[in-house]
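Since we're looking at a predicted model, the values are computed, not measured. Letters go in sequence order (proteins before strands), and every chain restarts at 1.
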Amino acid sequence: MHLSTIYHRLKDFVLGKDPDDNIASADGSYHGVKLDKNLDKNTKMLQAIFRDCDDIVYRPFRIAGKIKAELVFLDGLINIDFVDNYIIKPLMLESRMADIEIEDADDAFCYAKEAVISAASVREGDDMDGIVFNIMSGSTVIFIDDIASCVIVEVKGWEHRQVSDPATEPTVRGPKDAFTETLRINTMLVRRHIRDPKLKLKTYHIGRRSKTDVAVMYMESIVNLDVLDEVNKRIDGIDVDNVVGSALIEHLIEDDWISPFPQIQTTERPDKAAAALMEGKVCIVVDNTPFILLLPTTLNSFMQAPDDYYQRWLISSLIRFTRFIGTIVALLLPSLYIAMLSYHPEMIPTSLALSMAGGREGLPFPAFIEAFIMEGSLELLREAGMRLPGAMGQTIGVVGAIIIGQAAVGANIVSPAMVVVVALTAIANFAIPSYDLAISFRILRFILMILATTLGLYGIILIVMLIVSHLSVLKSFGIPYMAPWIPLNLRDLKDTLIRAPWVSMRTRESYMNLQDEQRMNANKIDGIMHREKGAKR
Amino acid sequence: MKKLWILGLILMLILTGCWDKVEIDKRAFVLGAAADVAPESNKNKGMEDIEGHNVNPFMLTLEIPVFRFMLGQNSGSNNAGSAGNQKPTWVYSSTGTSFFEIERQMATRSDRVLFFGHQKVLIIGEELAERYNLLDVLDFWARDPESMRGIKVLIADGSAKDIFSAQPQIAQSVSMFISDQLQQGAKTGRFIDTDLCDFLHKLGDGYSMLTGRISISEDKDIKIAGSGLIKDGKLAGWLGEQETRAAQFVMGQIKGGEIVVKDPKSKTGSLTFEIYSEHTQLKADFKDKKLASQSCFAVSKLVKSRL
């Protein structure tokens, strides 16, 4: 029910309803209020707004010993040393000895804003909305008596996690930095890869209460403008009170919320994000989330791992091939096991069939119950392993896999072949580089198993056809999800089942309809391909 | 109405599907079958004489693996003379008017569902092959949805049932032994490897054909050598090993084997050639508008040679 409300809201937006209808009345005691000239009035109002917010600090002082002023900030979000040394000290002490004579409030305001505060970002503000928002995001605000305006100094400085290793997408040869929870650090990490002013960044504040920073990044001269428009439109259409990480943004702007497939890719690697930008994708950076959204996404891009591009192309192609096989195994193996054992034993080679039948001799359960027991316990183990702290999580994995598997076989509950199937499936599932895609395959695996139980191979084929037809109509921001297979484009197949050598990937994917498709200077490639061997010593 | 249509379409997809669900361990895999003429003592037993015809003329013998003995601890130790219940296979037979009838009758004596999808060999007894049209005998296997077309069909020199009394030393069952041995045919050329598909094609079209001959010796050793000549659907006679090879040369079917010739130099020694490939041309010689004789030119290219 909740999901569908969101969906309708999104639809209403696309159809032209104004989503901002009810935003003002939400908590609007200070909405649209301008500052007063009287400092006491302003302070009172702030105190009313920040009632019971004990981490707000008010610091009354006098500029040049005479003009009343007040400094307000949120403790913990600002760099307190900076405020001490470069704001309060010059305004309070040094102003007395200044060359400029401070006569009245106007002088003091000018002095504060332009002369002494040596911060990079100093602004002027007069509406309560902006002031409150700035205080909440780590600015210090100076109110001066007799002036209906204030000075906003950006002195952000809070405790944050340092850039560390990518935990979910490790590589052997690639860079080892990963995004953190701070938006600015994340955008910086991307900018470090692409030093081009064409890399644009547009910031939204999403969440009526949380006011989370959301940055949309794209390469202006490459990106498909239709996609960009669509992204901006959909982000504009979000009206929630709290942004629960980038997942919420992802789920609110994706094309089909019923589909089991992830339609937006996430990454915690700056190099991957930068590469995606250069492929004409749009990145959405959400504050407080170390995962960046990349879109539009195709199924193929979930199968690409960063290491593919850091290894030689032959090796990468081989690895990618194994990955595709692993995907099929993860999806189909348990259901094929059920179907073949229950319905189609003639499809198993004779000696294998005999040994499987021998292994099942005397087991109390039919194959499908056996499969559900084992697959179910695998999911259980995975879930339990996630809850447990690091080292213990690994232990439970080993204990679960080996001990329970062995014991189940020993106790004649499952057959040894089933343990092999489950283990293979679990391992194959980890071969899928994207966690998002891997978990969606877990759902499909169970659906396939149910159909294999009731309808046999026919059921499996039915579901596979259903999946393929669903994928074929699915689109991500107007780009076909199955591209470049459906619709087929031979040129773009270079980076799918295989990873073609760089010299052959001269252009970007054509299904993206980019403004600039040129990736390499075609004239210089001949020189790379036909390098004279041993010409220079 | 539209919803009904959609519902109907979905039901059409879901209500069809596979219907023969039997767990793999609840099936009795028939690995080999032997078709015979029923022994005299069995005839007319338990059945009314129908219009004076000979009742219960056929006997079917099935070889079914016993998984528990086939795998694990005693693999490779299926020695002759080991305890009777340790045999890796279960062989039992029954008689009836048609093979389909016999099969259903045999199901009454088995706790598992008979499953012909993994059948490897079908051995036909000599007497049966001489007296009945093989096309009729094979009818059951041709029509059974489970049976594979690749079942090897052999004719036994004597009773087919006796073949299953053999005790192969390495293989786990007689049927597996036979089916694996037939695949070695390429190396000897001394027998002919025919499957159900060949039979149905050739006999169905009225051709005569050769098929493998299987025999069992006094000390329970199986030998597949020579061939049986089938004409008009019935066994017409036997060909020996060398004759079979010659026949295969003529037909251009030989795939391997050896040829021993006398060494022209030493007179005492001999040279052994291994056949690598061969090429056959058949030319018919007509005399007075009648087929007088068939001249055949079997040109064999012998590549490898060893002394």
Which atom of B:Phe115 lies closest to which atom of A:Glu346, heavy atoms considered: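 Result for this residue pair: CZ-OE1, 3.4 Å.
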
Please report the closest heavy-atom contact between B:His118 and A:Pro345, naming both atoms and the distance.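 Nearest pair, atom of B:His118 first, then A:Pro345: NE2-O, 2.6 Å.
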
Around [X], counting heavy atoms of other residues, nucleotides and ligands shown, do more than 12 lie under 6.0 Å from its [atom1]?
{"X": "A:Phe321", "atom1": "CZ", "answer": "no"}
{"X": "A:Glu379", "atom1": "CD", "answer": "yes"}
{"X": "B:Arg109", "atom1": "CZ", "answer": "yes"}

Counting C-beta onward and ignoring hydrogens, is there a side-chain heavy-atom pair between B:Met176 and A:Leu354 closer than 4.5 Å?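 The answer is yes; the side chains approach within 4.5 Å.
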
Between A:Leu451 and chain B, which part of the residue has a heavy atom less than 4.5 Å away: side chain, backbone, both or neither?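 Interface part for A:Leu451: neither.
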
Is it true that A:Glu361 and B:Arg112 make a salt bridge, defined as a side-chain N closer than 4.0 Å to a carboxylate O?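 Answer for the salt bridge query: yes.
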
For the interface with chain B, which of A:Pro349, A:Gly362, A:Ala367 has the highest count of heavy-atom pairs at distances below 4.5 Å?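 Option with the top pair count is A:Ala367.
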
Nearest-0.5 Å distance that lies between atom CD in B:Glu23 and atom CZ in A:Phe368: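 Reported value, rounded in 0.5 Å steps: 7.5 Å.
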
Reported CE-to-CD1 distance for the pair A:Met356 and B:Ile24, which is rounded to 0.5 angstrom: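 Between atom CE of A:Met356 and atom CD1 of B:Ile24 there are 7.0 Å.
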
Mind checking which of residues 334-342 of chain A sit less than 4.5 Å from chain B, heavy atom to heavy atom?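 If one takes a 4.5 Å heavy-atom cut-off, the residues of residues 334-342 of chain A near chain B are A:Leu341, A:Ser342.
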
